[in-house]
Structures are given as structure tokens and as C-alpha cells.
Amino acid sequence: MVLLAAPVSAEELRIITSYQADVVDPMLEAFGRSRPDIRIRVLNKNTHAAVDEVLAGNDRGFDLFWASAPEAFVVLDKAGRLADLGDGPYADFAWSAVGWTWRAPRDGPVPQDWNDLLDPAFTQGIAMSHPMRSGTMHSLLETILQDRGWQAGWAWILELAGQLNTISARSFGVLEGVERGDFAIGLTIDFLALARDGLVFRYGRPVILIPARIAALQGGTQPEAAKVFIDFVLSSEGQRILLRPDIRRIPVDPEIRAELSESLDPAIRAALNFSWSRYDPELAARRYWQVKQLFEAFVARDLLLRRDLWRRLRALDDAPPAERARIRRLLTWMPLTEHQARSVPTDRETLLEWSERSHTILRDAEALIRALEQP
């Protein structure tokens, strides 16, 4: 569905969302049956681009923002771009968690936990999307960083780069590639994989639950209709739509969620009962731009070189352990602390500076590898 830059109709509710039509349409159709007087137009846009548009002033007059990356709502709220319709600046409507998927049946091993993804058996067999284009993947990076801490989390991410087949421009590209057999494993969020026939999904442990949200926007022209739609999404009817096999979301309403009790992964059931298993959107929002740009500078821009260096390091079976450890430290080193990353502007100059630092580290590692490769 494409939203044209036309004058806002007095009867039209405008929604900007990262969700594809197959996720959005069932909710819109049910809402339309109950409120045929409210006409809705939807624009699908990745979370990063949607946040940019709203921060720039919401010139097209969107009434609602609807997405799975909760930190995006915190960013917009702190910028004064959300409209409180009486129940707070945003509403959680579903729970999700991240992990990985593969096509069934699969010959060969499958990863059981996050560290298994680093096994050489999966080298160049894993795909992910770019966090600058995918709110889902930004949440996945944050899940790793929040669970392991800044330095250990980045060390895992930088080693994962050696396993990647590709970095897709969009979350659905990862799933489509897995379905076609282009790569073996795709990093994703649960509902995107669970709703597709032929894919198996496994949650990363520990399961960290991420709230999906909806919010009214400043600059919208239909606040009453926006509130009616939010209320519908949170109603029993709206929450029950999330249970459909073609949607497979985890409702926030505990009574509706109880209908999933038998099919919910035991780790999800356990996580719902413990506060430590909750994602921290406030923390993610404080470093929202920095995490994206660090990924671009240290992973995406030199992906082929970093991947090749991991391959060459693993081939040095007979090299002295101390030398191999030294190279490994370089390949897993994030030279910026969180404080340092957050204390500089998130502009093109900073991105270029970070990219140069990454490239210098990789060239140092390559020189060490080359010396060990000499006969």
C-alpha cells in the first residue's frame, strides 16, 4: 500500500509502519468492519526512515506510528514528536523476541544458542539485515549488547561478521533468502519466521522480550480516530487477531495470551514471568544512532575483508597460540567505549572516522596473519 502526498482528508487516518501488508491487513480489515466510517491509508517504511521522517516534522501528516522497535518510540517521545492521547505517549500491543531461522528439513547441524552461530560450520552461511534499514535487526544487536555488555557484545558481533553470507537491505530479504536456500541461517524476529510455512525458528537464550508499540504522532489531523484505532488494537478482538497463524504475535493481554499457552515456547513462558528478561528501550534509545553507525563502520563497510581475515585466521592451525590470540583480539576489538561513542556527533564525519579506525585495525590484523602465512 502506497500513501501519496495528497491533502489530508477530514475522514482519513494515516498510518506509517514498518510492517508489511500481511501483518497489517488483518487488523485493518477487522477494524474496518467495526468502524467503516474511518478510512485508513498506510505507508510501509523501514523503522529508521520512518523515524527520520517524523523527526523532520511529519509533513505528510501521519496520525500513527506502528512498529516493533520500541526504542524508536522513545527517540520520538524525547524529541516531542508523539501525541499523548490520554494513556501515555505510546502503547505496547505485543511481545516479541529475536533468534534465527532455517528451512526444514535441514541436513547438518543447527545452532542451539548464540555462540553456536560462531561455529566454523556456519561460515558464510548466515544472513542478517542492516540495522539502519531494519528496526528488527537493531533490536537484535541491542539484545546482544544488553545481555553481554558493551565490549563483549561487540566482540560477538564482530566475530559474527566472519560468518555472514550477506547483509540484506530489509528483514524480509533474509527470510526470502533462507526460503530459496541462498543461505542456511537467517537472523530475525520470531513472528516474521513463525508465520512462514517451511521455516523453523529458534529463540536465542536467554530470551529477552521486546515490546512492539503503536503511538499517535504530533502533526496528525485525526487524534480521535487515532485513539479509536489504538483502542481497537488493544481490545480483546484486536489482541485475538494476533493469534492468527499468519500473524503469530504474542499479545500483551494476558487473558488472550493464555490461549497460546500450549504452543508458546517454554522459554517465552518463563520470560513473561521475570522482569530481568525485559528489553530496555530507554537504554537502546540513548545509543540509538551510535549502535547503527558503529555497525556500519565496523561490520558493513569492510565485511568482505573482515570475513576473509577470520577465514585466514582459522586456517592457521599450526601458528603459535599466543599469536593467534593476538590476532583474535584485534578482530573482536571495539576500540570505542559506549561513553566515547555517545560523546561525538552522529554525522558523516564521525562515520568516516570510525570506518577508518576499523580499517586500520583490520590492516594490522592482516599484517600479522600474512607474517604467519609465510613459509
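Heavy-atom basis, side chains included; hydrogens, waters and symmetry copies ignored. Residue indices begin at 1 and follow the sequence shown.
- Judged by distance alone, the side chains of Ser96 and Arg249 do bring a donor and an acceptor atom under 3.5 Å apart.
- Judged purely by atom type and a 3.5 angstrom limit, Asn58 uses its side chain to pair as donor or acceptor with the backbone of Phe62.
- Atom CZ in Phe122 sits 5.5 Å away from atom CD1 in Ile185 (nearest 0.5 Å).
- Here the side chains of Leu160 and Leu164 are in contact, with some heavy-atom distance below 4.5 Å.
- Nearest heavy-atom pair across Arg269 and Leu264 is NH1-O, 2.7 Å.
- Under the 3.5 Å distance criterion, the side-chain polar atoms of Arg196 are left unmatched by any main-chain donor or acceptor of Leu175.
- Smallest separation of non-hydrogen atoms from Ser68 and Tyr19: OG-OH, 2.6 Å.
- Shown here are the side chain to side chain contact (heavy atoms under 4.5 Å, CB included) partners of Arg342, two or more places apart in sequence or in another chain: Arg286, Arg287, Gln290, Glu338.
- Here the side chain of Asp63 pairs a donor or acceptor atom with the backbone of Thr221 at under 3.5 angstrom.
- Surrounding CD of Gln340 are more than 12 heavy atoms belonging to other residues, nucleotides or ligands, all under 6.0 Å away.
- Annotation: side chain of Asp190 is in contact with side chain of Ile250 (closest heavy-atom distance under 4.5 Å).
- By the rule that hydrophobic residues join a cluster once side-chain heavy atoms approach within less than 4.5 Å of another member, Ile327 and Leu362 end up as members of one cluster.
- Heavy-atom neighbours of Asn273 CG from other residues, nucleotides or ligands within 6.0 Å: above the threshold of 12.
- Proximity of Val23 to Asp246: side-chain heavy atoms (C-beta onward) are nowhere separated by under 4.5 Å.
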| Test side-chain contact (heavy atoms from CB on, under 4.5 Å) applied to Met137 and Ile167, step by step | CA-CA 11 Å; Met137 203 49 49; Ile167 298 174; over 6 Å; no

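- We find the CG-CG distance between Asp25 and Leu28 to be 6.0 Å, quoted to the nearest 0.5 Å.
- For residues 148-158, the set of pairs meeting the side chain to side chain donor-acceptor pair (under 3.5 Å) definition, not counting sequence neighbours, comprises Asn115-Arg148.
- Between Leu187 and Leu117, the closest side-chain pair of non-hydrogen atoms falls below 4.5 Å.
- Under the 4.5 Å side-chain contact rule for hydrophobic residues, Phe93 and Leu85 share a cluster.
- Between the Arg103 side chain and the Glu179 main chain, a donor and an acceptor come within less than 3.5 Å of each other.
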| Derivation and outcome, side-chain contact (heavy atoms from CB on, under 4.5 Å), residues Trp333 and Asp364 | CA-CA 12 Å; Trp333 181 35; Asp364 289 344; over 6 Å; no

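- Distance alone, capped at 3.5 Å, is enough to place a donor-acceptor pair between the Trp100 side chain and the Pro111 backbone.
- The side-chain heavy atoms of Leu209 and Ile268, taken from C-beta on, include a pair separated by under 4.5 Å.
- Scanning both residues, Ile210 and Tyr279, for their nearest heavy atoms gives CG1-CD1, 3.7 Å.
- Looking only at distances, no side-chain donor or acceptor of Lys292 sits under 3.5 Å from a matching main-chain atom of Met132.
- Side-chain heavy atoms closer than 4.5 Å link hydrophobic residues (I, L, V, M, F, W, Y) into clusters, and following such links, possibly through other members, connects Leu272 to Phe201.
- For Leu243, the side chain to side chain contact (heavy atoms under 4.5 Å, CB included) partners two or more places apart in sequence, or in a different chain, are Arg240, Pro251, Ile256, Glu259, Leu260.
- For the pair Lys227 and Glu224, the salt-bridge criterion is not met [side-chain N within less than 4.0 Å of a carboxylate O].
- Between the side chain of Arg324 and the main chain of Leu316, a donor-acceptor pair closer than 3.5 Å is present.
- Taking all atoms of both residues into account, the shortest heavy-atom contact from Val252 to Ala94 is CG1-N, 3.3 Å.
- Atom OG1 of Thr188 is separated from atom CZ of Phe172 by 8.5 Å, given to the nearest 0.5 angstrom.
- For the 3.5 Å distance criterion, the side chains of Arg202 and Gln112 qualify, holding a donor opposite an acceptor.
- Considering every non-hydrogen atom in both Leu55 and Ala79, the closest pair reads CD2-CB, 3.5 Å.
- Val200 and Val98 fall within a single hydrophobic cluster, where Ile, Leu, Val, Met, Phe, Trp and Tyr side chains are chained together by heavy-atom contacts under 4.5 Å.
- A 6.0 Å sphere centred on CZ of Arg213 holds more than 12 heavy atoms belonging to other residues, nucleotides or ligands.
- Put simply, the side chain of Thr350 never gets that close to the backbone of Thr346: no donor and acceptor are under 3.5 Å apart.
- Taking the six-membered ring for Trp and the full ring otherwise, Trp66 and Phe229 have centroids separated by under 6.0 Å.
- Taking every heavy atom of both residues into account, Ala365 and Leu309 meet most closely at CB-CD1, 4.4 Å.
- Using a 4.0 Å cut-off between charged side-chain N and carboxylate O, Glu296 and Arg301 make a salt bridge.
- Residues Gln124 and Trp310 form no side-chain contact, since every pair of their non-hydrogen atoms from C-beta on lies 4.5 Å or further apart.
- Using a distance-only test at 3.5 Å, with no hydrogens or angles considered, a donor-acceptor pair links the side chain of Gln163 to the main chain of Asp119.
- The CG atom of Asp84 lies 9.5 Å from the CD atom of Gln218; values are rounded to the nearest 0.5 Å.
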| message | For Arg39 and Gln222: C-alpha separation, side-chain torsions, deciding distance, then whether side-chain contact (heavy atoms from CB on, under 4.5 Å) applies. | response | CA-CA 11 Å; Arg39 186 158 58 95; Gln222 305 294 326; over 6 Å; no

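- Side-chain contact between Tyr90 and Ile214 is absent, with no heavy-atom pair separated by less than 4.5 Å.
- In this structure, CD1 on Ile126 lies 7.5 Å from CG on Leu118, to the nearest 0.5 angstrom.
- In this structure, Lys78 pairs ionically with Glu282, as a charged nitrogen and a carboxylate oxygen lie closer than 4.0 Å.
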| Can Trp95 and Arg278 be said to form a side-chain contact (heavy atoms from CB on, under 4.5 Å), step by step? | CA-CA 10 Å; Trp95 291 107; Arg278 298 295 196 267; 3.4 Å; yes

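- Put simply, the side chain of Leu305 reaches to within 4.5 Å of the side chain of His359, judged on heavy atoms.
- Not less than 6.0 angstrom separates the ring centroid of Phe295 from the ring centroid of His138.
- Ion pairing between a basic and an acidic side chain is recognised when a charged N comes within 4.0 Å of a carboxylate O; Arg370 and Glu366 show such pairing.
- Once rounded to the nearest 0.5 Å, the distance linking CG of Leu158 with CG of Leu330 reads 11.5 Å.
- One finds no salt bridge joining Arg205 and Asp116 here, because no Lys/Arg side-chain nitrogen approaches an Asp/Glu carboxylate oxygen to under 4.0 Å.
- Within a 6.0 Å sphere centred on CZ of Arg106, other residues, nucleotides and ligands contribute more than 12 heavy atoms.
- Residues Ser134 and Ser171 have side chains that bring a donor and an acceptor to within less than 3.5 angstrom of each other.
- No more than 12 heavy atoms of other residues, nucleotides or ligands lie within 6.0 Å of CG in Asp197, so this atom counts as exposed by the packing criterion.
- Cluster membership check: Leu352 does not share its hydrophobic cluster with Val344, using side-chain heavy-atom separations under 4.5 Å among Ile, Leu, Val, Met, Phe, Trp and Tyr.
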